[in-house]
Undergrad: 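First the structure, which I've put down as structure tokens, then a few questions once you've had a look.
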Number of protein chains: 2
Amino acid sequence: MPSDAIRAALIRRLRISSAIADEDIREIEALPISVRQYPAETAVVRDGERATDCCLIADGFCARSKTIASGKRQILSLHIPGEIPDLMSLFLHVMDHDLSTLTAATLGFISHETLQKLHRRRPVVAEMFWRDTLIDAAMFREWIVNVGQRPAPARLAHVMIELRERLRIIGRVDGASFEMPLTQEQIGEALGITAVHANRVIRQLREEGIVELHRGRVTVLDERKFLQLADFDGRYLHQSPTL
Amino acid sequence: MPSDAIRAALIRRLRISSAIADEDIREIEALPISVRQYPAETAVVRDGERATDCCLIADGFCARSKTIASGKRQILSLHIPGEIPDLMSLFLHVMDHDLSTLTAATLGFISHETLQKLHRRRPVVAEMFWRDTLIDAAMFREWIVNVGQRPAPARLAHVMIELRERLRIIGRVDGASFEMPLTQEQIGEALGITAVHANRVIRQLREEGIVELHRGRVTVLDERKFLQLADFDGRYLHQSPTL
DNA sequence: GGACGTCCTTAACTTTTGTTGGAACCCGGT
DNA sequence: ACCGGGTTCCAACAAAAGTTAAGGACGTCC
């Protein structure tokens, strides 16, 4: 994938949540990015490490997670092309969680130094990236609610719909189906349940004719039931720059 | 409480996580703040509202929460004097959650306009506040882990220790005891369990001689057991500006 | 094309947590 | 001093989720 296409995905996403001037877009397009390939299931940055770059996903899926002393892992967020999952490392240099690939991925790295210089030169760009980290935090808030208050089937539906709404922005939803390349183990880690229970819940949603999950692809069978179960209100994604 | 004391609490807290120049401190001290009193259990800003100010806690405890369609409420974070719990509203104008007082509180309001002007004038101050919102997000990540992966007794212990470590910064820990003015209903909402189960867990920790919770005050009975149970690693609080 | 590993699937059983309902306690107001 | 409302506390039962164990599907590598 050419480096230009990567930038385009980023800019498309930023435009959804912030109004950007053409001049600022040119600045972002001029950002030096070094591209690297990663296999599936590989750590990009680890908890405790000191980051010097931010990572822009050009292609593939990533996830952030934390592992506790007992060895249990919690997935905190899923990430798709055009996103910068570790933007927070710009000012929180020591990572407090892991960032890793779910699928094979193409990642672009932008140095903290470059970004900080750009921010000083163009405060509006800084605000746009700041806003991006705030939306990240808003998604964490909703994730807390999901894990803390919703029954397991609703949790799964909610995570699916959030992912779908984000994939939609980058044109990656194909009718009633979209990618969600997680194993049942990982789905459990995202929802705060065990893999066995994740399996039960997936089966239940299939048997009730709501949604089908097969080989990393979600197919919605009954959109109305699906939305109702998920209790989804996308306001927290803050996708409107005018507000 | 005089307006100066409020600023002092804010600056003390910011100093813990960022290095600040004297000149920037003077700028923060010069910020116009309008102070207001709130009774306990009162909404400061509500989900869906458009915020025009940020709220600095001068005195008292606050909490952020979200309520889902079924009526269940999830507490997302607790806040203590010196903090600005809705700093995120600076760039995410429409609230995606509630901010309310737990106890009677004195709150200082700083307009978004004032803050944005200060940021343009002093990019370093902007970065410091940005960092503050990033730490906020880091605390959400840990909260996800808490609710998602730890058994209920560990969840309670973890929330208690997080609160204690933050109270320590502002000199509000008195030996083995500190304030935690939540009802058992609210503790349940914070931990993602019911009030009845919260009561069970509190009783269990008391019977095991680990920690006592009485009338909004926590008293640690066995520090070693307490720490071990909570599985607490404070790195996510990012309290060292040098890193 | 067989062996291996990973993931998915399911069942049986255990533990944790939710639900319901009620009694005791505490505090503020009259 | 007494009342009333909100907590706190508790027990019995129901439901949800965790644990353990084991077979089956599928893809990959020799």
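Keep in mind that this is a model prediction, so the values were computed, not measured. We name chains A, B, ... by the order of the sequence lines, and we start the count at 1 in each one.
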Undergrad: With a 4.5 Å cut-off on side-chain heavy atoms, are B:Phe178 and B:Met160 touching?
TA: yes
Undergrad: Between A:His214 and A:Pro153, which residue's closest nucleotide on DNA chain D lies nearer the 5′ terminus?
TA: A:Pro153
Undergrad: Between P on C:dA11 and NE2 on A:His197, what's the gap in Å once rounded to a whole number?
TA: 15 Å
Undergrad: Near DNA chain D, counting only heavy atoms under 4.0 Å, which residues of residues 183-193 of chain B show up?
TA: B:Thr183, B:Gln184
Undergrad: Show me the donor-acceptor pairs within less than 3.5 Å that the side chains of residues 81-89 of chain A make with the rest of the protein, sequence neighbours left out.
TA:
| residue | atom | partner | partner atom | Å |
| --- | --- | --- | --- | --- |
| A:Glu83 | OE1 | A:His79 | ND1 | 2.9 |
| A:Glu83 | OE1 | A:Ile80 | N | 3.2 |
| A:Glu83 | OE1 | A:Arg166 | NH2 | 3.0 |
| A:Glu83 | OE2 | A:Arg166 | NE | 3.3 |
| A:Glu83 | OE2 | A:Arg166 | NH2 | 3.1 |
| A:Asp86 | OD1 | A:Cys55 | N | 2.8 |
| A:Ser89 | OG | A:Asp86 | O | 2.8 |
| A:Ser89 | OG | A:His112 | NE2 | 2.9 |

Undergrad: Between A:Asp136 and A:Arg141, is the closest basic N to carboxylate O distance under 4.0 Å?
TA: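 A salt bridge is absent here (no side-chain N lies under 4.0 Å from a carboxylate O).
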Undergrad: Holding to side chain to side chain contact (heavy atoms under 4.5 Å, CB included), I want the full list of residues that pass it with B:Glu223, two or more places apart in sequence or in another chain.
TA: B:Arg164, B:Val220, B:Phe226, B:Leu227
Undergrad: Just to verify, what does B:Thr52 make a side chain to side chain contact (heavy atoms under 4.5 Å, CB included) with, not counting sequence neighbours?
TA: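 B:Thr52 satisfies side chain to side chain contact (heavy atoms under 4.5 Å, CB included) with no other residue.
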Undergrad: Five pairs per end, C1' atoms only: what is the angle between the end axes of the helix from C:dG1-D:dC30 to C:dT30-D:dA1, to 10 degrees?
TA: 40°
Undergrad: Holding to side chain to side chain contact (heavy atoms under 4.5 Å, CB included), I want the full list of residues that pass it with A:Glu165, two or more places apart in sequence or in another chain.
TA: A:Ile161, A:Arg168, A:Phe232, A:Leu237
Undergrad: Test side-chain contact (heavy atoms from CB on, under 4.5 Å) on B:Ile75 and B:Gln186 and set out the steps.
TA: CA-CA 8 Å; B:Ile75 289 180; B:Gln186 291 165 337; 4.0 Å; yes
Undergrad: Is there a donor in the side chain of A:Thr106 and an acceptor in the side chain of A:Gln37, or the other way round, less than 3.5 Å apart?
TA: yes
Undergrad: Is the side chain of A:Gln74 donor-acceptor paired with the backbone N or O of A:Glu189 at a distance under 3.5 Å, no angle test?
TA: yes
Undergrad: Would you call A:Arg36 and A:Asp59 a salt bridge, taking side-chain N to carboxylate O under 4.0 Å as the test?
TA: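 Salt bridge absent between A:Arg36 and A:Asp59.
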Undergrad: Is B:Ala152 touching bases, backbone alone, or none of the nucleic acid, heavy atoms closer than 4.0 Å?
TA: sugar-phosphate
Undergrad: Nearest-Å distance, CE (A:Met180) to C1' (C:dC8)?
TA: 15 Å
Undergrad: Could you tell me how the ring of B:Phe109 sits relative to the ring of B:Tyr38: parallel (under 30°), tilted (30 to 60°) or perpendicular (over 60°)?
TA: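 It falls in the tilted class, 30° to 60°.
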Undergrad: Any Lys/Arg nitrogen of B:Asp98 or B:Arg73 sitting under 4.0 Å from an Asp/Glu carboxylate oxygen of the other?
TA: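 Not counted as a salt bridge, because no side-chain N and carboxylate O are separated by less than 4.0 Å.
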Undergrad: Using whole Å, report how far NZ of A:Lys72 lies from P of C:dT16.
TA: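 About 11 Å, once rounded to whole Å.
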Undergrad: Between the protein and nucleotides 27-30 of chain C, list every N/O to N/O distance that falls short of 3.5 Å.
TA:
| residue | atom | partner | partner atom | Å |
| --- | --- | --- | --- | --- |
| C:dC27 | OP1 | B:Arg215 | NE | 3.3 |
| C:dC27 | OP1 | B:Arg215 | NH1 | 3.1 |
| C:dC27 | OP1 | B:Arg215 | NH2 | 2.5 |

Undergrad: Indicate every side-chain donor-acceptor pair of residues 203-217 of chain B with a distance under 3.5 Å to a residue at least two apart or in another chain.
TA:
| residue | atom | partner | partner atom | Å |
| --- | --- | --- | --- | --- |
| B:Gln204 | NE2 | B:Glu208 | OE2 | 3.3 |
| B:Arg217 | NH1 | B:Ser177 | OG | 2.4 |

Undergrad: Between N or O atoms, less than 3.5 Å apart, protein on one side and nucleotides 20-25 of chain D on the other: list the pairs.
TA:
none

Undergrad: Give me the residues of residues 199-211 of chain B where at least one heavy atom lies under 4.0 Å from an atom of DNA chain D, by number, or none.
TA: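 Those residues are B:Asn199, B:Arg200, B:Arg203, B:Arg206.
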Undergrad: Just grab all the salt bridge (charged side-chain N to carboxylate O under 4.0 Å, His left out) pairs involving residues 148-157 of chain B, residues at least two apart or on different chains.
TA: B:Glu142-B:Arg150, B:Arg150-B:Asp231
Undergrad: Side chain to side chain contact (heavy atoms under 4.5 Å, CB included) with A:Asp233: which residues, sequence neighbours excluded?
TA: A:Arg235
